[in-house]
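So the structure is just underneath, and the comments pick up after that.
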Amino acid sequence: MKVAHNFNAGPCVLPKPAVAAAIDALQDFKGTGMSVIEVSHRSKEWEAVMEECRTLWKEILGIPEGYKVLFLGGGASMQFLYVAMNLLEKKAGYLETGVWAKKALKEAKGFGEAVAIASSADKNFSYIPKGYQIPSDLDYFHITTNNTIYGTEIKEDMDCPVNLVADMSSDIMSRPVDVSKYALIYGGAQKNVGPAGVTFVIVREDILGKVSRYLPTMLDYRTHIKEDSMFNTPPVFSIFVMNETLKWIKANGGLQAVHKMNVDKANLLYNEIDRNKMFEGTAAVADRSLMNICFVMTEQYKDKEEAFMAFAKERGMVGIKGHRSVGGFRASVYNACPVDSIKALVDCMQEFEKLNA
Ligand SMILES: *Cc1c(COP(=O)(O)O)cnc(C)c1O
């Protein structure tokens, strides 16, 4: 089989054992003689997977009492509206740190007053705003912990005077999180915890039921809490692979261990970006993401960008083109990205420097 060094931003590389388990289950799910995509979602075999997956979420993240874990459809983008619809009565605040944050804010505006409390738009979202005040009259304050496109990350769980809501699509399960500091955490699975098709929501139950608007059944978190995420047919295959991905995280020692691996992996690449005279990072050093590493060619070598892209591609690098709003390169180095892939990219940058600088 062809070897690819997969740096795609999402969907992206998944743990090999999770993919292998998915292949097995597609053939025969738990000895039922049926594929996992053929069995009833009301069967005891399937319900056991749902329960195991919820339990792993709670165990790995250390989710306290009072919170529910939901598996929904619609992606993180659907949560932009869910959050506002279920929580926004008068006013919500958003930290504007990139395209995803802006999209979340735009949806909220349809449900009430929603404002950007601080923004890093002035420098193309290359840093995380600091020193801003969060008004105490907000229904909630929304942050995007990892800005997938710009490679910036909020690496600490902030203290917040109001309900804190976080889009953790691209850094969930990459580090330990103090869930008790958040009222709601959500994200699409397809960056660190599984394939596309399932959306995770961790919600503190007591924040719900406070808005006066009508909530359609499917768009009311309480529906999915009551029915254990089985109000309608859940995305069974995606949940199956998510469950296997969580088992892999647990087998690797949990989030402390995974975080250490992520720090080591990211440092490997950032060190090369800082050392190599042909490249430079685009994100403020203090806010550099451990998940999405953005870099460009320095002024002197700007004309070599395409050449490097071709050079890297020839050596098996996949998905390193930067998002069009940043340009240059982006290597997404999620949990399952092997250190060998990062070493291969670093080698590639060193070789290219030898030949061109
Ligand atoms: C990818 C991404 C999204 C969008 O997720 P979908 O599941 O495709 O809707 C939202 N927020 C962040 C931070 C992302 O990285």
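Counting starts at 1 for both ligands and their atoms, following the listed order. Quick caveat, the model's predicted, so the values are computed rather than measured.
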One finds that the ligand 1 atoms under 4.0 Å from a non-hydrogen atom of Thr144 are 13 (C)

Pairs of nitrogen or oxygen atoms closer than 3.5 Å, one from Ser77 and one from ligand 1: do any exist?
yes

For Tyr127, is the NZ or CZ atom of Lys123 found under 6.0 angstrom from the centre of its six-membered ring and inside 45 degrees of the ring axis?
yes

When you check the gap from the basic side-chain N to the acidic O, do Lys44 and Glu47 get nearer than 4.0 Å?
no

May I ask you to decide whether Glu153 forms a salt bridge with Arg288, counting only side-chain N to carboxylate O separations under 4.0 Å?
no

Tell me, which protein residue and heavy-atom name are nearest atom 15 (O) of ligand 1, and how many Å apart are they?
Thr148 OG1, 2.4 Å

Gly75 heavy atoms, cut-off 4.0 Å: which ligand 1 atoms fall inside?
7 (O), 9 (O)

Step through the shown structure and confirm whether more than 12 heavy atoms of other residues, nucleotides or ligands are within 6.0 Å of NZ on Lys247.
yes

Contact (N/O only, under 3.5 Å) between Asn146 and ligand 1:
no

Distance flag, aromatic centroids of Phe308 and Phe279, threshold under 6.0 Å
yes

Number the atoms of ligand 1 from 1 as they appear, then name those within less than 4.0 Å of a heavy atom of Asp167, with their elements.
10 (C), 11 (N), 12 (C), 13 (C)

Would you confirm whether the ring centroid of Tyr221 sits within less than 6.0 angstrom of the ring centroid of Tyr82?
yes

Check if Gln79 has a non-hydrogen atom at a distance under 4.0 Å from any atom of ligand 1.
no

Quick check: does Ala76 get an N/O under 3.5 Å from an N/O on ligand 1?
yes

More than 12 heavy atoms of other groups within 6.0 Å of Lys30 NZ
yes

Under 4.0 Å from ligand 1, counting heavy atoms only, is it the side chain of Met78, its backbone, both or neither?
neither

Going by the atom numbers of ligand 1, which of them fall below 4.0 Å from some non-hydrogen atom of Gln190?
5 (O), 6 (P), 7 (O), 8 (O)

of all protein heavy atoms, closest to atom 2 (C) of ligand 1 is Lys191 NZ, 2.4 Å

Hey, is NZ on Lys181 packed in by over 12 heavy atoms from elsewhere, all under 6.0 Å?
yes

